[in-house]
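Here is the structure we will look at.
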Amino acid sequence: MKRKKIKVYNLNDASQYQDEIEYWNNISSEEKLSLIQKLREQYIYLYNKKKLYNESRKGLRRVYRIIKLS
């Protein structure tokens with residue numbers, strides 16, 4: 001199991017930005033996609049967007065089917 005480091009920064013500490021850039025540069029594409037999906041799910045839940053999300057997925061499926069058949 002990989003251990004995670006937690007750093008606490010002062011809001012005026014400019015080094016936090018470099019550390020964040022290094023973090024995103026050092027994780028795999030799969031991890032990035034996984035984190036983005038988690039953020040999307042949190043957004044949908046927090047802002048009560050489930051109905052809108054479901055409606056948009058229906059449209060995507062229709063487009064996908066048209067492309068796949070042609």
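In this text the structure is predicted, and so the values were computed from the model without any measurement.
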When rounded to the nearest 0.5 Å, the distance separating CG of Leu33 from CD1 of Ile27 is 9.5 Å
When rounded to the nearest 0.5 Å, the distance separating CD1 of Ile21 from CD of Gln18 is 5.0 Å
Classify the side-chain pair Glu31/Ser34 by whether it contains a donor and acceptor separated by less than 3.5 Å.
no
- Message: For the CG atom on Asn48, are there more than 12 heavy atoms of other groups (residues, nucleotides or ligands in this structure) within a distance under 6.0 Å?
- Response: no
Quick one: does Lys50's side chain get under 4.5 Å of Tyr45's, heavy atoms only?
no
Taking atom NZ of Lys32 as the centre, does the number of heavy atoms from other residues, nucleotides or ligands within less than 6.0 Å exceed 12?
yes
Residue pairs meeting ring-ring contact (aromatic ring centres under 6.0 Å, His included), one or both in residues 7-37, sequence neighbours left out, come to none
Practice item. Look at atom CD of Glu20 and say whether more than 12 heavy atoms of other residues, nucleotides or ligands are closer to it than 6.0 Å. Key: no
Rounding to 0.5 Å, atoms CG (Leu46) and CD (Glu41) come to a distance of 11.5 Å
Between the CD atom in Gln16 and the CG atom in Asn10, the distance rounded to the nearest 0.5 Å is 8.0 Å
